[in-house]
Peer 1: 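Got a structure here, written out as structure tokens. Questions coming.
The sequence lines fix the lettering, A, B, ..., with proteins before strands; numbering per chain opens at 1. Side chains are part of it too, since the values below use all heavy atoms of this structure and drop only hydrogens, waters and symmetry mates.
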Amino acid sequence: MFLPLIAVPLLLAGSALAVFTDEAWNVDYHYALLGHPKQSTSFFHQPNPSSRASLIFTLSEEGVLGAINPRDGAVVWRQVLLPGASAHNASFLRAGEGQDVVISGIGSQVAAWSAGDGRQAWSLDVNGPVEDVEILELVDGKDASGAKDAVALSGGDHPLVQRLDGATGAVKWQHQLGGTDAPYQVSASTTEVFAISLHKTILGYLKLKVTSLDPVTGHKTDEHMLSSENELATAETIVTVGANSASPIIAWTDSAHSVLKVNIMGTKGISSFEIEKHDGQAVERVELHAPYHLNSLSHFLVHYQTATSHWAEVFHVDLKNGKVGKAYSLPKLSGRGAFSTSTSDANVYFTRVTRNEVMTVSSASHGILGRWSVDGFNVAAGEGEEIEPIHAVSDVSVRGDTVSAVRSAVLLSTGDWVLLRDGSPVWDRPEMLASTVSATFASPAEMETLVQQLEAEAHSNPIQAYIHRVSRHLHDLQRLPSFILSLPQKIVQGFLGTSADGGIATDSFGFHQIIACATKDGRLVAVDAGNPDKVLWNQQVADLQPGQIWQPSVSSPRGGVIEISSKASAGVQYNASSGEQLASILPIDLAADQTAQEVKYTMHDGGLEATVDSSTTWHFMPTSGERIVSLVPRPVNDPVASIGKVLGDRRVLYKYLDPNLALLVTANDAARAATFYVLNTVSGAILYSNVHSGVDVSSPIASMLSENWFTYSFTAEALGDSPKGHQLVVGELFESLVANDRGLLSSTANYSSMQTGTEPFTLTKIYQIPEAVSKMAVTRTRQGITSRQLLAVLADSSAVVGIPYGVLDPRRPINRDPSKDEQAEGLVRYSPVIDFDPKWYLNHQREVVGVKDVITSPALLESTSLLFAYGLDIFGTRLSPSFSFDVLGKDFNKFQMLATVAALAVATFVVAPLVMRKQVNSRWQFM
Amino acid sequence: MRSLLTLLCATLASAASLNIAILPSLHLPNPSLLPPSTHAVLIGPPGVRYDAALRRDNTLKFEALPEASYLLTIYSRDHFFPPLRVDVSKVTDGAEQQTIEAWQTFRGNEWSNKGSPYGSGTDALSIQIQASAQKEFYQTRGGFDMLGFLKSPMILMGLVSVVFIFGLPYIMDNMDPEMKQEFEEMQKKGPLTGSQGAATQMQNFDVAGWLAGKK
């Protein structure tokens with residue numbers, strides 16, 4: 001009896017965990033994402049002016065700046081400029097023609113980044129929110145370095161226009177925009193710098209104020225107000241304020257989108273154009289696309305979008321008399337369209353991407369230079385959902401008078417960012433996953449159908465069950481021919497060790513679990529953990545208004561089903577494999593445990609309140625000055641294989657196992673202290689508490705509770721002789737600290753946390769760790785036999801580490817070497833510092849940026865736990881905390897085994913006659 | 001957080017700046033190959049944290065640091081860097097200037113335990129730092145090793161017996177007849193071999209007779 005009990009922990013204790021060379025890059029998967037690219041901050045640019053190869057640059061809504069290789073969609077480099085940014089944050093990204101840097105503006109920082117490798121060239125804090133950044137294309141002649149200067153407009157209390165040196169970021173001049181007008185944009189022509197601010201009239205309308213500045217000195221040369229009458233109610237109807245063109249323009253419409261007004265900057269004249277109505281539908285959106293180069297033709301395109309169709313008009317600016325005239329229009333097409341501008345020398349090309357085709361026209365005439373049909377974007381979408389292009393950036397290759405090829409990076413309505421080369425999709429980046437807010441594992445629906453059928457057989461009468469079974473087997477027989485046909489291939493692959501994992505239906509290890517991710521913009525996206533290269537399905541589940549925030553939570557109430565619920569709505573269920581919505585009226589499960597009572601928790605006046613059947617059972621009120629930071633309960637599905645810890649001398653320490661445990665963290669901002677409580681969530685009893693002072697309460701405090709142990713980490717300030725840095729505390733709860741003794745619980749057969757108030761004995765250890773942990777999770781296996789690993793997200797290293805429990809064990813002996821019994825348990829001497837071994841980095845060389853949460857799920861194999869991390873990047877892997885003891889891994893050399901068998905066979909055949917002859921000889925010779 | 005920091009910077013109007021240059025070393029022969037995600041973090045008193053990205057010239061720059069004691073950590077994908085302690089304090093006599101000093105520090109030791117100094121300066125400090133180790137992420141599996149295989153005692157025993165089986169008859173054949181005769185005599189006298197030897201008796205044991213009760 002004792003032998004198996006002791007054998008398991010002993011086997012598992014000595015494991016030095018690591019990522020194996022043959023498993024890295026194969027078992028794990030990673031989407032290095034940027035987030036939703038914005039039209040205004042995405043472009044093709046050559047990072048090295050001497051080479052023609054260009055990269056796609058973008059500064060996304062999530063505040064991530066990145067360069068994408070247009071060939072395969074891989075990230076060349078990226079920088080998180082503003083963690084936790086959203087679509088509300090204004091951000092700017094500019095690249096000067098022939099420059100090897102890109103200049104970003106977000107938050108209060110303007111920075112230049114080396115376009116080829118993503119290193120910072122310079123950065124500047126502008127003391128206020130950045131309202132606009134432009135590059136001054138004009139050449140002074142004095143500057144030999146060739147770095148073009150930038151102009152930044154900052155808001156805040158003292159709006160400023162600053163000219164920044166292109167090489168160092170030093171401020172060359174600054175001009176204070178006086179008055180109460182809100183700074184809006186900055187723009188530059190060959191001779192002047194314009195600062196545009198919004199002046200609010202008494203009636204509440206906006207007027208555009210244009211301030212002209214001398215680019216060399218920064219002195220004001222002119223200031224005038226544009227007579228926008230009473231058209232501008234909000235800044236949203238300003239279509240564009242162009243920049244860096246031969247003649248920058250300002251364009252705006254009235255709120256009904258019935259008239260378009262255009263002003264050439266620096267002049268006072270306004271050209272007015274009626275927006276024609278098509279089919280009586282209101283124009284929803286007006287966008288202007290203009291080239292971004294000084295030496296390009298001053299042509300621009302205006303894109304009109306209604307609910308069902310779109311069209312565009314191209315305008316020419318006559319530089320001599322300062323007149324704007326309409327040149328031609330592009331016909332109306334149904335659905336949405338995306339327009340993009342590209343330049344080649346002075347020529348300007350407009351590329352139009354619709355759901356059916358890509359075509360390119362020259363800005364000079366309406367003749368189509370290139371046209372390619374789009375057969376599909378090759379991305380997953382909901383059933384019946386029409387995939388529409390939202391916006392695009394294009395790169396055209398011009399040969400003679402025709403466009404020979406066009407590459408367009410198109411953001412689709414599904415959230416995918418795809419590259420179309422001549423109309424056919426080349427790569428796809430699932431950028432919608434970068435805004436995942438909640439995720440869950442679910443077993444595939446295919447696996448559940450067999451379970452359901454077996455259950456149906458078990459619950460019907462024998463004859464029906466027999467018929468059901470025979471028909472099921474007959475149905476299975478249909479697959480036999482294809483199975484036999486695939487058999488030789490399978491054997492060969494198995495022999496060579498090249499066999500890939502099977503599909504979802506043939507998954508016997510439980511690696512093919514479906515991960516459903518709910519994204520910020522109301523979509524539900526599913527990925528197969530065993531085959532993560534492709535998104536399984538992706539559909540809109542919530543109809544959100546722009547700017548609306550929802551807080552969904554995804555869960556899997558039973559196999560094959562995903563349930564999504566938010567504050568506003570009850571749970572809606574989906575088939576895990578297909579994404580099909582299940583009947584909204586759910587069958588009520590009568591077999592559910594009627595005796596179980598739910599305890600509900602609510603935050604109430606800064607405290608925690610628990611209610612059973614609408615009557616309050618207990619309150620938790622933090623002391624004055626404290627606020628609740630987090631409450632982490634023990635996971636619902638947390639199997640524990642053994643109720644005790646087997647010691648080296650085969651005695652047992654009993655674990656304090658209670659399903660109703662939670663770890664509560666409170667912080668005191670004034671006293672810089674954090675308190676940690678282990679609560680019994682039914683009775684409200686405090687089982688353990690500890691206060692740490694000198695804690696940085698503004699940095700993340702991660703905590704986790706599982707089985708009978710808890711852990712938390714925080715950043716501490718040096719107080720007196722204490723060290724400064726990051727600390728990790730581990731505590732383990734026991735029924736008693738005397739071996740083979742269950743304390744007060746030994747005599748009781750039943751146990752209720754309402755009646756008996758047994759308190760656990762807690763052992764804790766504190767460790768110094770090299771960096772802050774932003775989130776913690778723990779591995780989970782099917783039976784809980786496998787030892788556990790603490791998963792810690794390291795935001796500074798962009799990593800997820802798996803720390804073996806043996807390293808954290810609070811029973812590590814202090815100031816002495818472990819005794820023989822303790823050695824048998826795998827305990828090592830306590831040392832106050834845990835250095836994260838690079839071999840614990842589950843992501844190894846990958847950089848997993850912006851992880852907000854980590855979820856784990858048991859596989860069917862006891863040895864294996866699945867992990868999925870989301871936030872900005874998506875990262876997943878399989879973990880075997882006690883090595884893969886129940887499956888032959890990659891380390892199993894099939895060839896070596898077969899060679900050994902063959903060698904033994906040969907040896908037997910060779911030796912057999914020799915032995916036979918010897919035996920015969922010995923008889924005949926000595927008898 | 002960011003606005004708090006700018007506020008701090010604005011109110012203190014401090015000018016202390018820190019410039020860290022990464023030098024080539026044994027573990028990192030070419031610092032220009034460091035990934036762009038390499039960054040340095042200064043942790044001051046609770047709530048104060050500065051982050052600097054790696055620059056093109058392999059430096060990390062912090063500007064306008066207020067007076068405090070900081071922990072400096074450099075994070076890089078492939079290399080470890082030693083943690084440093086950076087103190088910014090007022091010059092005792094001058095009103096406007098600040099002293100900035102840097103030392104090595106040791107994790108898990110009291111904060112006052114400073115290691116070798118990296119330098120000190122007034123208002124500005126440039127220090128040089130080297131990577132302390134390279135990160136080894138991967139564990140190779142113990143593959144098939146011929147020498148190790150041959151060294152194992154089981155295989156050694158097997159090999160010895162093979163030598164005896166094949167080698168002994170050969171040696172016997174090559175012995176001179178006198179010695180061979182002597183050897184055979186010795187074998188016959190041995191308790192196991194010869195016609196009265198235990199082994200021969202065992203081989204010639206009459207099982208059927210014994211079962212039939214023959215004495």
Peer 1: Hey, which of A:Asp796, A:Thr21, A:Thr715 has the most heavy atom pairs under 4.5 Å with chain B?
Peer 2: A:Asp796

Peer 1: Quick one: do B:Asp87 and B:Lys114 make a salt bridge, cutoff under 4.0 Å?
Peer 2: no

Peer 1: Examine whether an atom of B:Phe80 lies under 4.5 Å from a heavy atom of chain A, and if so say whether it belongs to the side chain, the backbone or both; otherwise answer neither.
Peer 2: side chain

Peer 1: Examine distances only and state if a side-chain atom of A:Arg119 and a backbone atom of B:Ser32 form a donor-acceptor pair shorter than 3.5 Å.
Peer 2: yes

Peer 1: If I measure from the heavy atoms of chain A, does B:Phe137 come under 4.5 Å with its side chain, its backbone, both, or neither?
Peer 2: both

Peer 1: Against chain B, label A:Ile769 side chain, backbone, both or neither, depending on which of its atoms sit under 4.5 Å from a heavy atom there.
Peer 2: backbone

Peer 1: Count the heavy atoms belonging to other residues, nucleotides or ligands that lie under 6.0 Å from CD of B:Glu182, then report whether that count exceeds 12.
Peer 2: no

Peer 1: Are B:Tyr138 and A:His844 close enough that their ring centres sit under 6.0 Å apart?
Peer 2: yes

Peer 1: Out of curiosity, B:His79 NE2 to B:Leu28 CG, how far, rounded to the nearest 0.5 Å?
Peer 2: 4.5 Å

Peer 1: Only pairs of heavy atoms separated by less than 4.5 Å count here; which of B:Lys61, B:Glu136, B:Arg107 has the most with chain A?
Peer 2: B:Arg107

Peer 1: For the side chain of A:Glu717 and the backbone of B:Pro45, is there at least one donor-acceptor N/O pair under 3.5 Å apart?
Peer 2: no

Peer 1: Can you say whether A:Trp113 sits under 4.5 Å from chain B via the side chain, the backbone, both, or neither, judging by heavy atoms?
Peer 2: side chain

Peer 1: If you tally heavy-atom pairs under 4.5 Å against chain B, which of A:Glu847, A:Gln768, A:Gln120 wins?
Peer 2: A:Gln120

Peer 1: Considering only NZ, NE, NH1 and NH2 on the basic side and carboxylate oxygens on the acidic side, decide whether A:Lys724 and A:Asp696 come within less than 4.0 Å.
Peer 2: no

Peer 1: Check the orientation of B:Phe62 and B:Tyr50. Use parallel for under 30°, tilted for 30 to 60°, and perpendicular for over 60°.
Peer 2: perpendicular

Peer 1: When only pairs under 4.5 Å are counted, which of A:Ser798, A:Ala121, A:Gly725 shares the most heavy-atom pairs with chain B?
Peer 2: A:Ala121

Peer 1: How long is the span from the NE2 atom in A:His726 to the CG atom in A:Leu728, to the nearest 0.5 Å?
Peer 2: 12.0 Å

Peer 1: Check this for me: B:Gln104, atom CD, are more than 12 non-hydrogen atoms of other residues, nucleotides or ligands nearer than 6.0 Å?
Peer 2: yes

Peer 1: Hey, does the side chain of A:Asn843 reach the backbone of A:Val800 with a donor-acceptor pair shorter than 3.5 angstrom?
Peer 2: yes

Peer 1: Using heavy-atom distances under 4.5 Å, tell me whether B:Ile74 contacts chain A through its side chain, its backbone, both, or neither.
Peer 2: neither

Peer 1: What part of A:Phe836 is in contact with chain B, defined as an atom under 4.5 angstrom from a non-hydrogen atom: side chain, backbone, both or neither?
Peer 2: backbone

Peer 1: So, are B:Lys90 and B:Glu67 salt-bridged, with charged N and O less than 4.0 Å apart?
Peer 2: yes

Peer 1: So which of A:Ser722, A:Pro770, A:Ser699 has the biggest tally of heavy-atom pairs under 4.5 Å with chain B?
Peer 2: A:Pro770

Peer 1: Just give me the residue among B:Ile165, B:Thr73, B:Asn58 that pairs up with chain A most often, heavy atom to heavy atom, under 4.5 Å.
Peer 2: B:Asn58

Peer 1: Out of B:His39, B:Arg77, B:Lys135, return the one with the most heavy atom pairs under 4.5 angstrom to chain A.
Peer 2: B:Arg77

Peer 1: With a 4.5 angstrom heavy-atom cut-off, which part of A:Gln845 approaches chain B: side chain, backbone, both or neither?
Peer 2: both

Peer 1: Under 4.5 Å from any heavy atom of chain A, what part of B:Leu34 do you find: side chain, backbone, both or neither?
Peer 2: both

Peer 1: Between B:Thr105 and chain A, with a heavy-atom cut-off of 4.5 Å, which part of the residue counts as in contact: side chain, backbone, both or neither?
Peer 2: neither

Peer 1: Quick one: which of B:Pro35, B:Ala52, B:Gly44 has the most heavy-atom pairs under 4.5 Å with chain A, could you say?
Peer 2: B:Gly44

Peer 1: Counting only non-hydrogen atoms closer than 4.5 Å, does B:Asn113 touch chain A with its backbone (N, CA, C, O), its side chain (CB onward), both, or neither?
Peer 2: neither

Peer 1: Would you compute the distance between atom OG of A:Ser797 and atom CD of A:Glu771 and round it to the nearest 0.5 angstrom?
Peer 2: 3.0 Å

Peer 1: Relative to chain B, which segment of A:Val695 carries a heavy atom at a distance below 4.5 Å: side chain, backbone, both, or neither?
Peer 2: backbone

Peer 1: Let me know if B:Ser112 has heavy atoms under 4.5 Å from chain A in its side chain, its backbone, both or neither.
Peer 2: side chain

Peer 1: B:Tyr70 versus chain A, heavy atoms under 4.5 Å apart: side chain, backbone, both or neither?
Peer 2: backbone

